[in-house]
Amino acid sequence: MKHHLFGADTVEHYATTMQRGVDALVRRVRDVEGPFSGRTVDEVAPAVEAVDLDAPLGDVDAVLAELGEVYLGDAVWFHEPTYAAHLNCPVAVPALLAEVFVSAINSSLDTWDQSAGGTLIERRLIDWTTERIGFGPAGDTAADGVFTSGGTHSNLQALLLARGEAFLSGHADAAAPFAETMARFRVLASVDSHFSVQKSATVLGLDADAVVAVRADAHHRMDPHRLDLELTRCRAAGKVPMAVVATAGTTDFGAIDPLEDIADVCERHGVWLHVDAAYGGGLLASTRRRHLIAGIERADSVTVDFHKTFFQPVSSSAVLVRDGATLRHVTYHADYLNPRTATLPNQVDKSLQTTRRFDALKLWLTLRMMGADAVGEGFDTVIDLAREGHAILRDDTDLEIRVAPALSTLVFRYRPDGLPEDVADHVNPRIRAALFRGGRAVVAGTTVDGRSWLKLTLLNPAATIDDVRVVLEQVRAAGRDLLDETHPYQEVGR
Ligand SMILES: *Cc1c(COP(=O)(O)O)cnc(C)c1O
């Protein structure tokens with residue numbers, strides 16, 4: 001066992017093992033010929049099943065060879081320029097350098113006595129982010145926050161804080177039983193908001209219909225006038241609006257809700273405003289498009305996913321709050337860990353997690369090595385690419401674009417002129433599946449107004465418009481093949 005542990009007398013073994021791993025990865029990445037092998041679950045599963053977990057291989061080369069069989073050969077490679085499916089990014093090398101230290105030193109960010117300087121680094125990055133949001137300069141501001149495992153977690157924590165504040169507000173009857181008050185809480189979010197809002201409401205014990213879907217406009221942005229009406233209606237019905245969730249970059253369309261107008265409405269109604277900037281958060285580093293999220297500084301809480309538009313490896317996210325005191329709703333004390341009498345900075349007081357990775361170091365080394373402008377330029381580049389892609393799609397007679405891109409997604413479908421909607425609904429999900437099976441391009445799919453669409457999420461600044469063309473050509477070719485197979489159209493009913 002001793003030989004396998006990281007420590008002063010095993011650093012040689014550590015260094016050679018890591019070097020072998022890096023070599024194997026580099027060789028593999030050099031040989032990758034597309035984002036995916038195209039193999040199915042049934043084809044991949046036997047190799048994984050065949051491994052005898054009680055018969056260790058011992059030798060690093062044998063282990064790496066097996067890893068190639070069970071995982072590397074069929075990994076989905078986000079750095080490949082024809083990977084354009086979900087909000088996954090190729091990762092910044094400085095962040096990978098940080099991973100070396102994060103895992104080996106294994107600091108835990110719950111308490112000072114398990115992290116020391118790590119706590120200070122995380123706090124500086126929280127201040128850096130709140131300053132970019134515009135909550136106020138670090139030092140003389142009450143703004144605060146904490147790193148989390150992802151946007152889902154950040155949204156959950158933000159809504160938990162909002163719920164805590166709603167209980168304290170004059171709108172909730174302090175004398176009423178807890179469950180009765182909870183049943184009256186409402187969360188208002190646009191129909192295009194992320195599904196983690198609904199999930200959070202359930203986790204927080206709110207009513208099954210606690211999330212009120214606010215209508216969006218043709219560009220999938222929340223309609224602030226509708227929000228105003230819904231808030232009035234909630235109150236009239238004896239409900240308590242607990243939070244409004246505005247989205248800065250919806251998952252499908254990258255739509256940015258009108259933050260200033262929504263902030264005005266929230267202010268008038270005295271409701272907590274959470275801005276889910278899991279996707280659009282990268283604009284905080286943009287030198288060209290920061291204005292797109294103007295108004296974000298009026299939020300009570302903000303979600304930023306560094307593992308999306310800051311090119312960080314999973315996981316790296318944060319929840320930021322205008323008033324750090326609101327974090328008290330997750331503050332609990334354990335005698336063994338963070339007793340009431342503790343005077344040292346313990347981040348566990350602000351977090352839903354206890355043991356927690358030092359993910360912040362990845363962003364730290366990224367900023368120290370590349371700088372924020374380079375990160376922002378990466379996001380701006382893919383937004384530019386989406387605009388070019390839109391121009392191509394607009395002029396294409398086989399492919400139909402849904403709406404001009406707000407950030408870096410393109411929602412479109414294969415629909416050569418005259419193709420009935422039902423046939424397009426039948427064919428488009430199959431195009432997506434065919435591409436995944438082919439392995440040379442990966443695209444996503446979604447449903448808009450009950451119809452099937454395809455989606456490109458462009459998050460690779462190294463991809464070019466020619467790569468986008470290649471993906472679109474694959475879509476067209478797969479569509480043609482499928483139509484040949486499914487003639488005549490009339491037979492394809494739903
Ligand atoms: C991705 C996303 C989330 C969820 O974030 P995870 O990091 O995947 O948990 C939340 N909201 C929006 C708008 C997103 O795009």
Side-chain angles (χ1 to χ4, degrees), residues 76 78 83-89 91 95 129 133 145-160 162 187-204 211 213-214 216 219-222 243-259 262 273-284 292-293 296 299 301-320 351-353 356-357 359-360 362-363 379 382-383 386 405-411 444-448 455-459:
V76 180
F78 302 150
Y83 176 85
H86 303 289
L87 278 161
N88 313 108
C89 53
V91 292
T129 312
I133 288 170
V146 72
F147 272 67
T148 72
S149 66
T152 301
H153 181 162
S154 295
N155 284 347
L156 171 64
Q157 179 162 350
L159 290 176
L160 186 151
V187 174
L188 293 91
S190 99
V191 288
D192 287 281
S193 66
H194 193 260
F195 79 126
S196 58
V197 173
Q198 181 63 59
K199 206 187 266 194
S200 299
T202 305
V203 172
L204 292 173
V211 178
V214 180
H219 293 274
H220 300 271
R221 295 172 302 208
M222 187 195 284
V244 167
V245 178
T247 312
T250 61
T251 313
D252 274 348
F253 293 96
I256 298 169
D257 289 342
L259 302 179
I262 290 171
L273 171 59
H274 174 63
V275 174
D276 178 0
Y279 180 10
L283 293 173
L284 292 171
L292 291 180
I293 47 169
I296 193 171
S301 56
V302 173
T303 288
V304 176
D305 258 6
F306 299 114
H307 63 211
K308 284 179 180 166
T309 44
F310 280 76
F311 308 101
Q312 297 295 293
V314 176
S315 293
S316 185
S317 176
V319 59
L320 299 312
S351 175
L352 287 173
Q353 291 167 273
R356 189 161 55 85
R357 271 170 63 84
D359 286 313
K362 297 181 289 193
L363 180 60
F379 192 27
V382 293
I383 297 174
L407 292 175
S408 65
T409 59
L410 292 165
V411 177
T446 191
T447 303
V448 190
K455 178 172 75 168
L456 302 188
T457 305
L458 305 175
L459 271 194

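All ligand and atom numbering here is 1-based and tracks the order in the structure. These numbers come from the heavy atoms of this one structure, side chains and all, not from hydrogens, waters or symmetry mates. Note that the structure is a prediction, hence the values are computed from the model and not measured.
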Without hydrogens or angle criteria, can the side chains of H274 and S301 be said to hold a donor-acceptor pair below 3.5 Å?
yes

How about L87 and L459: do any of their side-chain heavy atoms sit closer than 4.5 Å?
yes

Of all the atoms in ligand 1, which lie at a distance below 4.0 Å from a heavy atom belonging to L87?
15 (O)

Ligand 1 versus D276, non-hydrogen atoms closer than 4.0 Å: side chain, backbone, both, neither?
side chain

Using heavy atoms and a 4.0 Å limit, tell me yes or no: is G249 in contact with ligand 1?
yes

Quickly, which of L160, V319, V245, D276 forms a side-chain contact (heavy atoms from CB on, under 4.5 Å) with N155? Name it, please.
D276

Taking ring-ring contact (aromatic ring centres under 6.0 Å, His included) as the definition, give me every residue that meets it alongside F379, ordered by chain and number, with sequence neighbours left out.
none

For ligand 1, which atoms, with element, lie under 4.0 Å from some heavy atom of G151?
4 (C), 5 (O), 6 (P), 7 (O), 9 (O)

Where ligand 1 meets D305 - atom numbers and elements under 4.0 angstrom, heavy-atom basis
5 (O), 6 (P), 7 (O)

If we only consider heavy atoms of N155, is any one of them less than 4.0 Å away from an atom in ligand 1?
yes

Verify the distance criterion only: is there a donor paired with an acceptor across the side chains of S154 and T148 at less than 3.5 Å?
yes

Per-atom contacts of ligand 1 with T251, taking only distances under 4.0 Å to non-hydrogen atoms:
12 (C), 13 (C), 14 (C), 15 (O)

Which of the atoms of ligand 1 are close to A278, meaning less than 4.0 Å from one of its heavy atoms?
2 (C), 3 (C), 10 (C), 11 (N), 12 (C), 14 (C)

To the nearest 0.5 Å, tell me how far S317 OG sits from K308 NZ.
8.0 Å

Using the ring of each side chain (for Trp, its six-membered ring), is H220 parallel, tilted or perpendicular to F253, with breaks at 30° and 60°?
parallel

Top protein contact for atom 9 (O) of ligand 1, by heavy-atom distance:
T152 OG1, 2.6 Å

Have a look at K199, K308, H153, H86 and point out the one with the heavy atom closest to atom 3 (C) of ligand 1.
K308

Please report which non-hydrogen protein atom sits nearest to atom 4 (C) of ligand 1, along with the residue it belongs to and the distance in Å to one decimal place.
H194 CE1, 3.4 Å

Nearest non-hydrogen partners of T309 and G282, listed with the distance:
OG1-N, 3.0 Å

